[in-house]
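Just so we're clear, the structure is a prediction, and the values are computed from it rather than from any experiment.
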Amino acid sequence: MQFGNKRLRNEWKYYIRFHDYISLRNKLRLITTLDPNSTDDEGYHIRSLYFDDVYDTSLYEKNYGVYKRRKYRIRIYNQSDAVIKLERKSKYDGYICKEAVSITRDEYEQVMAGQLDFLLKRKTGLLHDFYYDCKNHLFQPRVVTDYVREAYLMEIGNVRVTFDKSLMTNVNTFDIFDPQMKTVHAIHEPKMIMEVKFDNFLPINIRYLLQYFSNQRSAISKYVVCREESKVYYKL
């Protein structure tokens with residue numbers, strides 16, 4: 001689906017318990033392929049630093065279900081600086097668009113130090129937008145999300161089913177490369193987050209697997225869940 005020059009995808013989210021995860025995982029492995037970025041059968045590690053403005057607009061727009069909204073984040077994988085992405089995730093009702101551009105470790109350090117002029121030297125609209133939002137709306141680091149993602153892919157429908165496990169959030173630093181970062185569990189029940197993303201249609205075999213959860217879709221935001229948990233430790 002297109003919205004202006006943006007390519008949108010469907011995104012469905014669910015909270016699921018461990019026994020449901022095991023059952024779905026076993027069935028998915030018969031009809032999909034494990035994400036090649038996985039380091040083992042459990043998937044790969046994701047750590048993201050989210051930004052918000054001085055009014056916490058991204059937080060409140062999510063909580064109030066605003067039709068059109070967006071979030072900025074810097075994301076790394078497996079606690080390495082080999083790949084660092086600055087991303088903007090835009091939401092249009094039930095559809096999403098994710099835009100990303102790679103930055104270097106030095107550029108990340110400049111962002112964290114508030115030295116943003118380099119963003120305008122890069123010929124990338126996303127970096128320019130991030131610069132102006134930081135300057136005009138005082139975007140600042142707000143929370144870190146930390147979890148293990150197990151992802152399965154199906155070419156038909158461009159389907160991606162992910163299980164986000166052991167969601168944690170930061171309590172002492174916003175530096176995603178800090179080896180002394182301390183994290184706490186953001187979900188206190190024995191459950192995880194399942195996300196299903198696809199383009200224009202969901203293949204019947206995937207839809208069949210999800211029929212048990214058809215009435216359990218939830219407007220889950222890892223950003224919001226972690227912000228709420230972080231408030232115990234930070235005055236944000």
Contact check, side chains of [X] and [Y], non-hydrogen atoms, under 4.5 Å:
X	Y	result
Met194	Val161	yes
Asn10	Asp199	no
Val171	Met181	no
Glu11	Lys89	yes
Lys98	Lys197	no
Lys13	Arg217	no
Arg9	Arg7	yes
Ile187	Ile193	yes

Do the side chains of [X] and [Y] get close enough for a salt bridge, i.e. N-O under 4.0 angstrom?
X	Y	value
Glu99	Lys85	no
Arg25	Glu42	yes
Arg105	Glu107	no
Asp56	Arg142	yes
Asp93	Lys68	no

| message | Holding to ring-ring contact (aromatic ring centres under 6.0 Å, His included), I want the full list of residues that pass it with Tyr152, two or more places apart in sequence or in another chain. | response | none

| task | Applying ring-ring contact (aromatic ring centres under 6.0 Å, His included), name anything that partners Tyr131, two or more places apart in sequence or on another chain. | result | none

So, for [X] and [Y], which heavy atoms are closest and what is the spacing to 0.1 Å?
X	Y	value
Ile84	Asp81	CG1-O, 3.7 Å
Ser58	Phe51	OG-O, 4.5 Å
Pro203	Met154	CG-SD, 3.8 Å
Ile176	Arg47	O-NH1, 3.1 Å

| Audit row: Asp164, Thr162, side-chain contact (heavy atoms from CB on, under 4.5 Å) steps and yes/no | CA-CA 6 Å; Asp164 293 340; Thr162 60; 4.2 Å; yes

I'd like to know if the side chain of [X] and the backbone of [Y] have a donor-acceptor N/O pair within less than 3.5 Å.
X	Y	result
Ser23	Lys27	no
Asp35	Glu150	no
Asn26	Ile22	yes
Thr124	Leu126	no
Thr169	Val144	yes
Asp178	Gln180	yes

| message | Assess the residue pair Arg227 and Tyr223 against the criterion (side-chain hydrogen bond (donor to acceptor under 3.5 Å, both in side chains)); give the C-alpha distance rounded to whole Å, side-chain angles, the decisive distance to 0.1 Å, and a yes or no. | response | CA-CA 6 Å; Arg227 279 297 302 271; Tyr223 169 67; 2.8 Å; yes

For [X] and [Y], which I'm curious about, is there any donor-acceptor pair between the side chains at under 3.5 Å?
X	Y	value
Tyr15	Glu189	no
His188	Glu229	yes
Asp175	Tyr108	yes

Within a radius of less than 6.0 Å around [atom1] of [X], do more than 12 heavy atoms belonging to other residues, nucleotides or ligands occur?
X	atom1	result
Phe201	CZ	yes
His128	NE2	yes
Ile156	CD1	no

Report the distance from atom [atom1] of [X] to atom [atom2] of [Y], rounding to the nearest 0.5 Å.
X	Y	atom1	atom2	answer
Asp53	Leu138	CG	CG	8.0 Å
Glu109	Ile103	CD	CD1	9.5 Å
Asp146	Leu167	CG	CG	8.0 Å
Phe198	Asn200	CZ	CG	9.0 Å
Phe130	Arg122	CZ	CZ	12.5 Å
Lys222	Ile46	NZ	CD1	7.5 Å

Would [X] end up clustered with [Y] when hydrophobic side chains under 4.5 Å apart are linked, directly or stepwise?
X	Y	value
Leu210	Met192	yes
Val159	Leu30	yes
Ile31	Leu153	no
Ile220	Val143	no
Leu127	Leu116	yes

Sequence neighbours left out, cut at 3.5 Å: what donor-acceptor pairs do the side chains of residues 69-78 make with other protein atoms?
unit_1, atom_1, unit_2, atom_2, d
Arg69, NH1, Val66, O, 2.5
Arg70, NH2, Asp133, OD1, 3.1
Arg70, NH2, Asp133, OD2, 2.9
Tyr72, OH, Arg88, NH1, 3.4
Tyr72, OH, Asp133, OD2, 2.7
Arg73, NE, Glu87, OE1, 2.7
Arg73, NH1, Tyr50, OH, 3.0
Arg73, NH2, Glu87, OE1, 3.0
Arg75, NE, Ser48, OG, 2.7
Arg75, NH2, Ser48, OG, 3.2
Arg75, NH2, Tyr147, OH, 3.2
Asn78, OD1, His45, N, 2.9

| request: Could you give me the CA-CA distance, side-chain angles and deciding distance for Phe163 and Leu28, then say whether side-chain contact (heavy atoms from CB on, under 4.5 Å) is met? | output: CA-CA 11 Å; Phe163 301 102; Leu28 282 169; 3.7 Å; yes

| In terms of the angle between their ring planes, are Phe18 and Tyr21 parallel, tilted or perpendicular, with boundaries placed at 30° and 60°? | tilted

| So, do Phe213 and Trp12 have ring centers that fall under 6.0 Å from each other? | no

